[in-house]
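A short write-up of the structure that comes next.
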Amino acid sequence: MASKCTSIQKSLGWCQGTPELPGVRRRIYYLAKSEIVGYPQLERDELGRAISAVLKGSYTLAADAKWKYIDILPDKSQLTSEAQGELPSQTQLNKFTAVHPGVGADASAAAAYINNTDNIFVVEDMKGNYRVLGNDKWQTKATVAQDLGQGATGTTSTTINVEATDEVPAPFYVGTLETEDGDIDCSNGTVKP
């Protein structure tokens, strides 16, 4: 018996005057995939199609693993997504540019680590939604550049550029992030020490 291809399309409304706040918040989180033993997944229909952009479940971490943070300059950081590939295998290329103001030994050491490690990055938008770059299907590419500034008026920066293929634009995460500072409930942003 042949399966019936039902439509998963939905209307997409917007109430005029509803604010859409641009940008990201000042702290992002990251962790090497080697420290993650279980991943949240996109919800799917019987044909395997993603029916939501919200990941179900939480990350399961290896013993003693905790999400690390990087404080960034929100005004210089940006999350974007664009389509890549061809029908019926088209995916999203999620890109994130994060600018950290420091260029000291810690930032330089982080650059060496991030450049050579497959990581997951979690970014909070201005509405308090947590968005994910990276998954268990494709490798996350991250490159780091440093600028020590120029002259007396230049600015210093460590810039992290992340590219991650996914099925949807930067999926939403509503599970728990086990961080060094306590667990964050990403469904409402509360931190439990």
Minimal heavy-atom distance between Ala98 and Ser77, with the atoms involved, is CA-OG, 3.5 Å
Flag, side chain of Thr156 to backbone of Pro101, donor-acceptor distance under 3.5 Å: yes
Let me confirm one number: the CZ-SG distance from Phe172 to Cys186, rounded to the nearest 0.5 Å. 12.5 Å
Please lay out, stage by stage, how Thr140 and Glu163 fare under the test side chain to side chain donor-acceptor pair (under 3.5 Å). CA-CA 6 Å; Thr140 304; Glu163 291 187 357; over 6 Å; no
Check for me, please, whether Phe121 and Leu177 land in the same ILVMFWY cluster - side-chain distances under 4.5 Å, paths through other members count. no
Aromatic contact between Tyr59 and Tyr173, with the criterion being ring centroids under 6.0 Å apart: yes or no? yes
I'd like to know if the side chain of Ser52 and the backbone of Glu43 have a donor-acceptor N/O pair within less than 3.5 Å. no
Is there a path of hydrophobic side-chain contacts, each under 4.5 Å between heavy atoms of I/L/V/M/F/W/Y residues, joining Leu79 to Ile28? yes
Evaluate side chain to side chain contact (heavy atoms under 4.5 Å, CB included) for Lys66 paired with Glu35, printing each intermediate quantity in order. CA-CA 8 Å; Lys66 299 287 185 193; Glu35 298 286 341; over 6 Å; no
Do you know the tightest heavy-atom contact between Gly134 and Ala164? N-CB, 3.4 Å
OG1 on Thr143 to CD1 on Ile160, rounded to 0.5 Å: 9.5 Å
Would you say Asn115's side chain and Ala111's backbone share a donor-acceptor pair under 3.5 angstrom? yes
Arg44 with Glu167: basic N within carboxylate O range, under 4.0 Å: yes
Once you round to the nearest 0.5 Å, how far does NZ of Lys33 lie from CD of Gln139? 6.5 Å
For Glu180, I'd like to know if atom CD has over 12 heavy atoms of other residues, nucleotides or ligands within 6.0 Å. yes
To the nearest 0.5 Å, tell me how far Ser157 OG sits from Lys76 NZ. 6.5 Å
Closest non-hydrogen atom pair, Val168 against Pro171: CG2-CG, 3.7 Å
Flag side-chain contact, heavy atom, 4.5 Å: Tyr39 against Val132: no
Do the side chain of Asn119 and the main chain of Thr117 share a donor and acceptor less than 3.5 angstrom apart? yes
Between the side chain of Arg25 and the main-chain N/O of Met126, is any donor-acceptor distance below 3.5 Å? yes
Would you mind reporting whether Leu55 and Val174 have side-chain heavy atoms less than 4.5 Å apart? no
Among Gln92, Lys137, Gln84, Lys141, whose side chain to side chain donor-acceptor pair (under 3.5 Å) with Thr165 holds? Gln84
Quick one: do Tyr30 and Ile184 end up in the same hydrophobic cluster if we chain Ile, Leu, Val, Met, Phe, Trp and Tyr together by side-chain heavy atoms under 4.5 Å apart? no
Nearest heavy-atom contact between Gly175 and Ser58 is CA-OG, 3.3 Å
Please check: side-chain N/O of Arg131 versus main-chain N/O of Pro169, any donor-acceptor pairing under 3.5 Å? yes
Membership question, hydrophobic clusters at under 4.5 Å side-chain separation (ILVMFWY): are Leu133 and Tyr29 in the same one? no
Polar side-chain atom of Asp106 near backbone of Ala109 as donor-acceptor pair, under 3.5 Å: no
Taking side chain as C-beta onward, heavy atoms only, is Lys68 less than 4.5 Å from Ile70? no
Taking Asn94 for the side chain and Ser81 for the main chain, is one N or O donor matched with an acceptor at less than 3.5 Å? no
Worked check of side chain to side chain contact (heavy atoms under 4.5 Å, CB included) between Val37 and Leu61: CA-CA 6 Å; Val37 295; Leu61 307 184; over 6 Å; no
Taking a hydrophobic cluster as the set of Ile, Leu, Val, Met, Phe, Trp and Tyr residues connected by side-chain heavy atoms closer than 4.5 Å, whether directly or through intermediates, do Val99 and Val144 fall within one such cluster? no
Determine whether a donor-acceptor pair (N or O, by modelled atom type, separation under 3.5 Å) exists between the side chain of Arg26 and the backbone of Asp71. no
Other residues, nucleotides, ligands: >12 heavy atoms within 6.0 Å of Glu86 CD: no
Answer whether the closest heavy-atom distance between the side chains of Thr97 and Asn161 falls below 4.5 Å. yes
Within a strict 4.5 Å, meaning less than it, do heavy atoms of the Trp67 and Val122 side chains meet? yes
Taking all heavy atoms of Asn116 and all of Ala112, pick out the closest pair and write down the distance. ND2-O, 3.1 Å
Just how far is it from atom CG of Leu93 to atom CD of Glu82, taken to the nearest 0.5 Å? 5.5 Å
Please walk me through it: do Ile72 and Val24 pass side chain to side chain contact (heavy atoms under 4.5 Å, CB included)? CA-CA 9 Å; Ile72 62 171; Val24 297; 4.0 Å; yes
Indicate yes or no: at least one non-hydrogen side-chain atom of Asp166 is less than 4.5 angstrom from one of Thr91. no
What's the separation between atom OG1 in Thr158 and atom CG in Leu148, rounded to the nearest 0.5 Å? 8.0 Å
For Ala107 versus His100, what's the shortest heavy-atom pair and its separation? CB-CD2, 4.2 Å
Side-chain contact test, heavy atoms from C-beta onward, threshold under 4.5 Å: evaluate it for Arg27 versus Asp181 and give yes or no. yes
